[in-house]
2 protein chains.
Amino acid sequence: MKKTACAACPLRKFEIFSAFTEEEVEFTQSFKSGELQVDPGTTLMLEGMPSPQIYTVLDGQGVRYKTMEDGSRQVINFALPGDLIGLHAAVMGEMSHSVESTSAMRLCVFNRCDLWRLFERWPARAYDLTWLSAVEEHFLGETVAVIGRRSARERVAWGLLRVYSRLKAVGQEKDNTVPMPWRQQDLADALGLSLVHTNKTLQRLRGEGLADWTEGRLTIRDPAALAGVGHFEIDAPVRRPLI
Amino acid sequence: MKKTACAACPLRKFEIFSAFTEEEVEFTQSFKSGELQVDPGTTLMLEGMPSPQIYTVLDGQGVRYKTMEDGSRQVINFALPGDLIGLHAAVMGEMSHSVESTSAMRLCVFNRCDLWRLFERWPARAYDLTWLSAVEEHFLGETVAVIGRRSARERVAWGLLRVYSRLKAVGQEKDNTVPMPWRQQDLADALGLSLVHTNKTLQRLRGEGLADWTEGRLTIRDPAALAGVGHFEIDAPVRRPLI
DNA sequence: CGTCCGCTTGAATAGTTTCAATTGAAGTGG
DNA sequence: CCACTTCAATTGAAACTATTCAAGCGGACG
């Protein structure tokens, strides 16, 4: 992402994400209310429900999804380290989707009530929050474009690539491999595809040596080659934990 | 949307969107830098570009879209009165999509640099901004679910209904009719459908008396009946102009 | 040992896209 | 004032992509 700053105003500072000052650290310590450890398969948030708490993901992975009347599911996106969970409920009063852990997760817990305190006392952190929300919006826009206009092959390539590059950005990559603890059904639900077709597409990509997702681990030897499937950019803006 | 408030903290105030105090009005006047009037077909923001300005839509309609390498287009959503344009560029440094007016539009203009001033001086307005961003995220999530999991008929019904209810919420509805100054291609691009199929689906809905979109005007006699096509809710949270 | 769950496979079906061509309205220039 | 162009909406038919249905396989677990 190119950086374009307004030289005269402090906005520039926040594009670079300055380190925390001592004073800030002290305050944010008081803001953080605890840590939470959950098992795989735990429902963290439920669509339509309020939530007294907000989490940031410190470790582990999950899915955000909406359930349709007919029982089918649409995965909105994946919850990875650095993500914020529950901002919707905090800001709008209720969650617009459910969130479930798919691996063991470690979460940083905030009280919703403290959110206002943050806005009042730490405009810089409030700004970070808005930034995070804007980045999320950016990704969702991309998702809409991919699901709306891409072929199955391109969608799968994009989905794998996005998971890979986001996890790589938070240091989870090793030997071109990242942990990807989901079922093929989860990916299918994320891409708006059927399970069967997703399976066949994954196999084709695997056969071509572009991406190998087996046993909960995704290996991409040549990300650029996989990106070539749909001329994708490999530029996942990193989401950084709020505190 | 159900309201759930945290009784002990001032957050509740912002769920209801309190009226502006005199002091606030005075400040926001200084924040607002002008008004802009544009013709139909004007490109307001370009994907990948920074923008020194942020707009809120006071009047008129536009589309936000992404262009793919092959020249096809995905409309991310529509820009209606109350919407914020350019927050992405302001917060992230560049736009993630383009924005174009499809009717004459009147816009309220802010300088990007002032954004920081707002966060620092008016936490309540900064909070509004985050709220707006969260609402946008909410809608995009819904869009993902619709495009990913719904049939063409349901998508079209949903698209029409959403435009209708959002415009109704801002007082643009009269005799069950709202202005909808787009081409069928725009709707097709928004729903991830081909033009031909969108056309045929629109005709079917028209024939069934569920929705009539002709000559830039959309008439829905019985919104509930149209919503029945896909068991949709008719609950568009209203976006309110920031200032 | 039997059951459950996720992955895999093949075949039939259906929904949607693509291609190709027509119409009508609106705008342009001679 | 009339060809000529352009653009959006419309229509029919063919081609294709992705879904659905149905069944089998292997590992994990009680």
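Values reported hereafter were calculated over all heavy atoms of this structure, with side chains retained and with hydrogens, waters and symmetry mates removed. Chain identifiers are assigned alphabetically (A, B, ...) following the order of the sequence lines, protein sequences preceding nucleic acid strands; residue numbering begins at 1 within each chain.
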| task | Rounded to the nearest angstrom, tell me the gap between atom CG in B/Asp212 and atom C1' in D/dA9. | result | 14 Å
| field | Interatomic distance where CG belongs to A/Asp186 and P belongs to C/dC5 [whole Å] | value | 15 Å
| message | With a sphere of 6.0 Å drawn around CZ of B/Arg217, does it hold more than 12 non-hydrogen atoms of other residues, nucleotides or ligands? | response | no
| note | In whole angstroms, the gap separating C1' of C/dT23 from CD of B/Gln203 amounts to 13 Å
| said: Counting only side-chain nitrogens and oxygens, does B/Arg183 get under 4.0 Å of the OP1 or OP2 atom of D/dT6? | reply: no
| Do A/Asp175 and A/Thr177 get their side chains close enough for a donor-acceptor pair, meaning under 3.5 Å? | no
| query | If you measure only the distance, is there a donor-acceptor pair under 3.5 Å linking the side chains of B/Ser133 and A/Glu137? | reply | yes
| said: Check this one for me: any side-chain N or O of B/Gln185 less than 4.0 Å away from OP1 or OP2 of D/dA9? | reply: no
| said: Can you measure A/Glu215 atom CD to C/dT8 atom P for me and round it to whole angstrom units? | reply: 11 Å
| query | Counting heavy atoms not belonging to A/Arg206, are there more than 12 under 6.0 Å from its CZ? | reply | yes
| task | Round to a whole Å and report the spacing from CZ of A/Arg217 to C1' of C/dG6. | result | 19 Å
| said: Treating primed atoms plus P, OP1 and OP2 as sugar-phosphate and everything else as base, which nucleotides of nucleotides 12-22 of chain D get B, S or - for protein heavy atoms under 4.0 Å? | reply: BB----SBBB-
| task | Verify the contact: side-chain N or O of A/Asn199 to OP1 or OP2 of C/dC7, cut-off strictly under 4.0 Å; return yes or no. | result | no
| Partner of A/Gln53 by side-chain contact (heavy atoms from CB on, under 4.5 Å), out of A/Leu44, A/Ile85, A/Val109 | A/Val109
| said: Is it the case that atom CD in B/Glu215 sees more than 12 heavy atoms from other parts of the structure closer than 6.0 Å? | reply: no
| Spacing between B/Arg204 atom CZ and C/dT16 atom C1', to the nearest angstrom | 12 Å
